[in-house]
Amino acid sequence: MVINCPRGTADIFGDDISYRDFIIESAKKLFKLFNYSEIITPAFEHTEVFNRGIGQSTDIVKKEMYTFPDKKGRSLTLRPEGTAPVVRAIIEHKLYSKVPIKLFYVENMFRYERPQKGRMREFWQLGVEAAGVNSPLIDAEVIWLLALIFEELGFKNLKLLVNSVGCDDCRPPYINVFKKYIEPQVESLCPDCRERYNTNPLRIFDCKVRSCGTIIEDSPKIYSHLCSGCTQHFKAVTSLLKSLNISFAVKEDLVRGFDYYTRTIFEIISEDLESVQNALGGGGRYDRLIEQFGGPPVPSIGFAVGIDRTIVLMKQLNISCMQNEQENNVFVILLEQEFEGYGLEFLSYLRKHGIRCDISFEIKKIAAQIKWAEKNGFTHTAIIGGDEASSGIITVKRLKDFKQSQLNWKKDPQEINDIL
RNA sequence: GUGGGAAUAGCUCAGUUGGAUUAGAGCGCAGGAUUGUGGCUCCUGAGGCCGCGGGUUCGAAUCCCGUUUCUCACCCCA
């Protein structure tokens, strides 16, 4: 019997749940303010959704997908990312008929990779997709939302990177120019980059090998080869971001791993993150994707945030996930078994008043029980022994300052609110 | 998919060049220090197939091989 969870997966409980809830609730609050509504898509799709959506040349499609035949022989794939499924749903339900449409999701993703800290085979992302707006206004609003999420969580020193990768009109010619520039030096590239040169040349910009870096350094950047439409669009985006007072940097060699991106792309990274997995969130515009799926032309934009990675960084930076002061709660201590019924009655009373409470399920020494209550996060204890059972008055003790009060709960049910 | 490091109590870790007899510590947990009152202190106790499987050896937590998981660097991404 194997008793550990599979490689790259993890049980989430205890502290991690607090962080997770805090992140998701904070984001949902903002999604609501920005008028996004939630979509939940299936955990798996027809494999073709990702093959066509993400791009055959990407590592995700080439080697990282959990693909399996079902019992009827259909090829299915656990979702490795969130955009392609949402796009599929937009087309399937003709949601584009009422554009613009703003959707958000909180879902688990699956990629078959070598796990590292902040990089799991099953991981959680939250993200948005805004479909049907061509205006740079939506680019700015989406980037703004991404920045706000991390601000809301309490992050200070994150870096927002922005770039444009152009469109179908200007990117192919630029790639030709770029390849021509590189061509004489192809042999000096690292083996990976020689491969990239043929499959996805812009990825060479991501290479960390120094020799490749120097070759790239003075190469033409797409930024100066954008068509007039893309140039204008990008200038508008950056200017809108400035008017929102969002700090960002244009990173001319920023590229991203999916084939579907056009025009604006962006990424939020942490230089504090000890691991190399420093990208906490990222996204971009995908103006042609819905069309490629067989839908009408619907320009769209979205981003995704890595929840697990965000938790790692919050812990590392000691960012608290406690939203409010802890509310009052009561641990009910029974001194004799014969008072169990009375204890349950009191529990019921507390719960009707919306007070979180629990009871000792074993009769133990009072000192041990108070100690236990304190260690387990209770703010108050209520003691039920012979005196309380006969008088009907229960002793409620506030743990932080040892203060005890008498609660005549049957006579004055509201008194509990004054005592706590 | 490539290359390094690691795995001993619930947690953090000791464990000598392979050796004696019950594999240790701190924290945590449980019980106690005279009767129904917690933060300190003291005493006691429970809890380990030394990741799993094989091998070398008179003898393995320790050495070798395999395997699983974690971790780090690549690849790539959130």
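The basis for the numbers below is simple: all heavy atoms, side chains too, and nothing from hydrogens, waters or symmetry mates. Proteins come first, then strands; the chains are lettered A, B, ... in the order of their sequence lines, and each starts at number 1.
Applying the Watson-Crick and G-U wobble criteria (two distances, each under 3.5 Å), B:C76 pairs with nothing in any strand. Under the Watson-Crick and G-U wobble criteria, each requiring two contacts below 3.5 Å, nucleotide B:A6 is paired to B:U69. Across every strand in view, B:A30 sits in a pair with B:U44 that passes the Watson-Crick or G-U test at under 3.5 angstrom. Judged by Watson-Crick or G-U wobble contacts below 3.5 Å, the nucleotide B:G18 has no partner. Within the shown strands, nothing qualifies as a pairing partner of B:C49 under the Watson-Crick or G-U definition with both distances less than 3.5 Å.
Judged by distance alone, the side chains of A:Gln369 and A:Lys364 never bring a donor and an acceptor atom under 3.5 Å apart. A:Ser300 and A:Glu129 form no side-chain donor-acceptor contact under 3.5 Å, judged by distance and modelled atom types alone. A:Asn51 and A:Glu48 form no side-chain donor-acceptor contact under 3.5 Å, judged by distance and modelled atom types alone. Using modelled atom types, one finds a donor on one side chain and an acceptor on the other under 3.5 Å when comparing A:Arg79 with A:Asn108.
Atom-to-atom, CZ of A:Arg7 to P of B:U67 comes out at 12 Å; the value is rounded to the nearest Å. One atom, CD of A:Gln406, and another, C1' of B:G36, lie 13 Å apart when rounded to the nearest Å. Distance A:Glu81 CD to B:A78 P: 8 Å, rounded to the nearest Å. In this structure, OH of A:Tyr112 is placed 20 Å from C1' of B:A78, rounded to the nearest angstrom. Atoms OH (A:Tyr66) and P (B:C77) sit 18 Å apart, rounded to a whole Å. Rounded to a whole Å, the NZ atom of A:Lys371 is 13 Å from the C1' atom of B:U37. Put simply, CD on A:Glu267 is 13 Å from P on B:C76, counting in whole angstrom units. When the C1' atom of B:C72 is taken as reference, atom CZ of A:Arg119 falls 11 Å away, rounded to whole Å.
For a distance-only test at 3.5 Å, the side chain of A:Arg111 qualifies as a donor-acceptor partner of the base of B:A78. For a distance-only test at 3.5 Å, the side chain of A:Lys117 fails to qualify as a donor-acceptor partner of the base of B:U71.
Here B:A78 is the nucleotide among B:A78, B:C74, B:C70 with the atom lying nearest to any side-chain atom of A:Phe258. Relative to the side chain of A:Leu399, the nucleotides B:C75, B:G31, B:G38 differ in distance, and B:G38 lies closest. Closest to the A:Ile366 side chain, of the nucleotides B:G36, B:U71, B:A78, is B:G36. Taking only side-chain atoms of A:Ile370, from C-beta outward, the nucleotide of B:A78, B:G38, B:C75 with the closest atom is B:G38. In this structure, the nucleotide among B:C70, B:G38, B:C76 sitting nearest to the side chain of A:Glu113 is B:C76. Distances from the side chain of A:Ala367 to the nucleotides B:C75, B:U37, B:A78 place B:U37 closest. For A:Asn4, taking side-chain heavy atoms from C-beta onward, the closest of the listed nucleotides B:U69, B:G36, B:A78 is B:U69. Nearest nucleotide to the A:Arg256 side chain, out of B:A78, B:G38, B:C70: B:A78. Closest contact between the side chain of A:Arg114 and the listed nucleotides B:U37, B:C77, B:G1 involves B:G1.
In terms of phosphate contacts, A:Gln404 brings no side-chain nitrogen or oxygen within less than 4.0 Å of OP1 or OP2 of B:U37. Applying the 4.0 Å criterion to OP1 and OP2 of B:C77, one finds that A:Arg309 has every side-chain N and O outside that range.
Looking at A:Glu183 and A:Lys180, no side-chain N of the basic residue comes within less than 4.0 Å of a carboxylate O on the acidic one, giving no salt bridge. Salt-bridge annotation for A:Asp70 and A:Arg74: present, with a side-chain N of the basic residue lying under 4.0 Å from a carboxylate O of the acidic one.
Comparing B:A9 with B:A61, their P atoms sit 15 Å apart, to the nearest whole Å. Only the P atoms considered, B:A23 is 14 Å distant from B:G19, to the nearest whole Å. Taking atom P in both B:U62 and B:C50, one finds a spacing of 10 Å when rounded to whole Å. Taking atom P on both nucleotides, B:U21 is separated from B:G31 by 36 Å, rounded to a whole Å. Taking atom C1' on both nucleotides, B:U69 is separated from B:G28 by 25 Å, rounded to a whole Å. Nucleotides B:G51 and B:A46, compared at atom P, are 23 Å apart to the nearest Å. Taking atom P in both B:C11 and B:C29, one finds a spacing of 15 Å when rounded to whole Å. A gap of 14 Å separates the C1' atoms of B:U16 and B:G24, to the nearest Å.
Within 4.0 Å of A:Ile383, counting heavy atoms only, lies at least one base atom of the nucleic acid. At a threshold of 4.0 angstrom between heavy atoms, the contacts of A:Glu336 with the nucleic acid are absent. Residue contacts shown for A:Asp308 are absent, as no nucleic acid heavy atom lies under 4.0 Å away. Heavy atoms of A:Lys397 sit under 4.0 angstrom from at least one base atom. Within 4.0 Å (heavy atoms only), A:Gly385 reaches at least one base atom of the nucleic acid. Nucleic acid contact for A:Gly127: none, since no nucleic acid atom lies under 4.0 Å from a heavy atom of the residue. Using a 4.0 Å heavy-atom cutoff across all strands shown, A:Lys62 reaches no nucleic acid atom at all.
For the pair A:Lys365 and A:Trp124, nearest-nucleotide mapping onto RNA chain B gives the more 5' position to A:Lys365. Comparing A:Ile307 and A:Gly8 by the nucleotide of RNA chain B whose heavy atom lies nearest to each, the residue mapping closer to the 5' end is A:Gly8.
No more than 12 heavy atoms of other residues, nucleotides or ligands shown are found within 6.0 angstrom of CD1 on A:Ile40.
Relative ring orientation between A:Phe346 and A:Tyr349 is described as parallel, the plane-to-plane angle staying below 30° on a 0-90° scale split at 30° and 60°.
Cation-pi geometry between A:Lys179 and A:Tyr197 is met: under 6.0 angstrom from the ring centre, within 45 degrees of the axis.
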